[in-house]
> 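Got a structure for you, written out below as structure tokens; questions coming shortly.
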There are 2 protein chains.
Amino acid sequence: MIRTEVCDLLGIKYPIFQGGMAWAGTGKLAGSVSEAGGLGIIGAGNMPPEALKEEIKKVRDITDKPFGVNIMLLSPFAEKIKDVVIEERVPVVTTGAGNPGPFMREFKKYDIKVIPVVASVALAKRLEREGADALVAEGLESGGHIGTITTMALIPQIVDAVSIPVIAAGGIADGRGMVAVLALGAKGVQMGTRFVASVEAEVHPRYKEAILKAGDRSTVETGRSTGHPVRVIKNKLARQFMKLEAQGASPEELEKLGTGALRRAVVEGDVDMGSVMAGQISGLIKDIKPVKDIMEDIIKEAEEVLSTLSKAYLGG
Amino acid sequence: MIRTEVCDLLGIKYPIFQGGMAWAGTGKLAGSVSEAGGLGIIGAGNMPPEALKEEIKKVRDITDKPFGVNIMLLSPFAEKIKDVVIEERVPVVTTGAGNPGPFMREFKKYDIKVIPVVASVALAKRLEREGADALVAEGLESGGHIGTITTMALIPQIVDAVSIPVIAAGGIADGRGMVAVLALGAKGVQMGTRFVASVEAEVHPRYKEAILKAGDRSTVETGRSTGHPVRVIKNKLARQFMKLEAQGASPEELEKLGTGALRRAVVEGDVDMGSVMAGQISGLIKDIKPVKDIMEDIIKEAEEVLSTLSKAYLGG
């Protein structure tokens, strides 16, 4: 049975996190993942604090198991979101887009576990020093906002640099990927795209369909020139964005094109002019399943893969 | 003992290829890797045919075991290099930068194994149909000329799409990486950067030093705008190149800056204005070792990793 120290740390059954995606990481999805034994994470994104309270309530209507909130540190509401998390005693916080240093001390006072998402060794080491309980190390094959290093290259370098547990994100959608990152030294996986293609995900059916239709080369990186690269499924918006970027458009022009684009895709199902954030592993995803099946199938496949490798190469 | 069908196919002891790097993949390095049980590969690059003959002789002075030649299909000498490979009955050919279709039929007449390097599912499927004996699937974390998909995302998608063996390249420098790609379904690994940091590699000591000094964020991708992206260690040349690219320089201007740059780094040791091609896994490489030790250490570590995972997660 695949169980790691991350399960003990957080009180969960499977070392599987659902990425705290803005708009897509709703209370319903997070609650369903937690109820099924993983760690569901609400993506607070740019949510106002009242909205987060509602999503937390939805999680608690579904499950009494541990769950998390992802705080986007650049959000104008970051400070207030932090207060809600404390008030509601959310068990786990993940953070993106910056250094959660100042918040970390407060969370720790309330025994809230803090697990920052990192994309480099330097930030990993710094956040370990500042008290992070674990880290999500995210490769550039992930959907949404990304760094510059791939999962294969990043995980072992971060594992060697810190002693807290590392959860791998980016490029994982099945049991093979899970065993791969366990071999690299990770103690768990975080998946985003795989959970978007679930029954419980409250994204528009056309968004899910876009993931199922994607092949290996369907995603592109936009915004590298702005310093805030984002991986999306290539569509009309992405092509416009890349064209403007190549022409040397100003950050303001690009931002204007991007404003509201994720909501348009997730909520309205505009998969042409919306931002369909998804990872490079989309090409491997061929079905929409309940989150319980997603997790149980992955654990089962991971055990089979490991058993096959052992027999083949250890003669065991 | 980690042995796969690739070992049987090629008559080698370890399922480890040394990437056929231009300038760095010399007869001495390739011969040493083959003699130690892997598949050494001469990087023909833009070599004229006589130079390749000399390198093949060097391999054969070191070993009588199987080895390979990498043919860069864009080379002006590609056709003549192909003739030398046939004349010399080189056991294995890998190919880059294009579709080796027309050459493939000729090689097969002489029972020369053909193993194209691919970076997408579409090309993998096409080359299997055209008779490839196996494929090297290369992630964008590799050094040198690269594609757009990471190893973690690419390997399972290609493994699912073809039935010939897949050798994984990109982001692998130790036994953890080897087990990771075996879990993803690969039947072997190809490593470039790890072998450049070997005693036998005939690259300038300053080139090796640059790899040892590299951290996780030391490499950059240049030339994405030209359609021929290349991963190198960030230096003065790379910065100039990126600046020109951002300014919308013409392909000709960029090509001019790149001409002779790899030779400058490998042969002259100019690590400021030369092209120091290296993978994102450079940050993991901390020593220069004999190729025999590199391979034996990796196999040993891979077996240990697999054994540890089995004990932890299969209770075996």
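Every chain is numbered from 1, with letters handed out A, B, ... down the list of sequences.
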> Heavy atoms only, distances under 4.5 angstrom: which of B:G175, B:G283, B:S282 has the most pairs with chain A? Name it, please.
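Of the options given, most contacts go to B:G283.
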
> Does atom CZ (A:R126) have a neighbourhood of more than 12 heavy atoms from anything else shown, all under 6.0 Å?
no

> If you tally heavy-atom pairs under 4.5 Å against chain B, which of A:I281, A:D216, A:I155, A:I2 wins?
A:D216

> Within the distance-only criterion (no hydrogens, no angle test), does the side chain of B:E221 pair as donor or acceptor with the backbone N or O of A:T148 below 3.5 angstrom?
no

> Between B:V181, B:T151, B:L309, which residue shows the highest count of heavy-atom pairs closer than 4.5 Å to chain A?
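Most pairs with chain A among the choices: B:L309.
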
> Does any part of the side chain of B:L184, heavy atoms only, come nearer than 4.5 Å to the side chain of A:V179, both counted from C-beta?
no

> Tell me, side chain or backbone of A:V121 under 4.5 Å from chain B's heavy atoms, or both, or neither?
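Both backbone and side chain.
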
> Using a 6.0 Å cut-off, check whether atom CD of A:E255 has over 12 heavy atoms from anything other than its own residue.
no

> Do you know which two heavy atoms are closest between B:A183 and A:A180, and how far apart they sit?
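Nearest pair, atom of B:A183 first, then A:A180: CB-N, 3.9 Å.
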
> Quick one: of B:R3, B:E245, B:M152, who has the most non-hydrogen atom pairs under 4.5 Å with chain A?
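It is B:M152.
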
> Does a side-chain N-to-carboxylate-O contact under 4.0 Å join A:K286 and B:D160?
no

> Count the heavy atoms of every other residue, nucleotide or ligand shown that sit under 6.0 Å from CZ of A:R217, and state whether that count exceeds 12.
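No, the 6.0 Å shell around CZ holds no more than 12 heavy atoms from other groups.
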
> Out of curiosity, B:S310 OG to A:K311 NZ, how far, rounded to the nearest 0.5 Å?
10.5 Å

> Without swapping roles, check the side chain of B:E303 against the backbone of A:L314 for a donor-acceptor pair under 3.5 Å.
no

> In terms of heavy-atom proximity below 4.5 Å to chain A, should B:V305 be classed as side chain, backbone, both, or neither?
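Answer is side chain: those atoms of B:V305 sit under 4.5 Å from chain A.
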
> Among B:M1, B:E141, B:Q247, which has the most heavy-atom pairs under 4.5 Å with chain A?
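If we count pairs closer than 4.5 Å to chain A, B:E141 comes out on top.
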
> Please classify the contact between A:V220 and chain B as side chain, backbone, both or neither, with a heavy-atom cut-off of under 4.5 Å.
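No part of it gets close to chain B.
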
> Give the member of A:S120, A:G170, A:P156, A:A173 that has the highest number of heavy-atom pairs under 4.5 Å with chain B.
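The residue among A:S120, A:G170, A:P156, A:A173 with the greatest pair count is A:P156.
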
> Tell me, yes or no, whether the heavy-atom count around B:K125 atom NZ, taken from other residues, nucleotides or ligands under 6.0 Å, exceeds 12.
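No, the 6.0 Å shell around NZ holds no more than 12 heavy atoms from other groups.
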
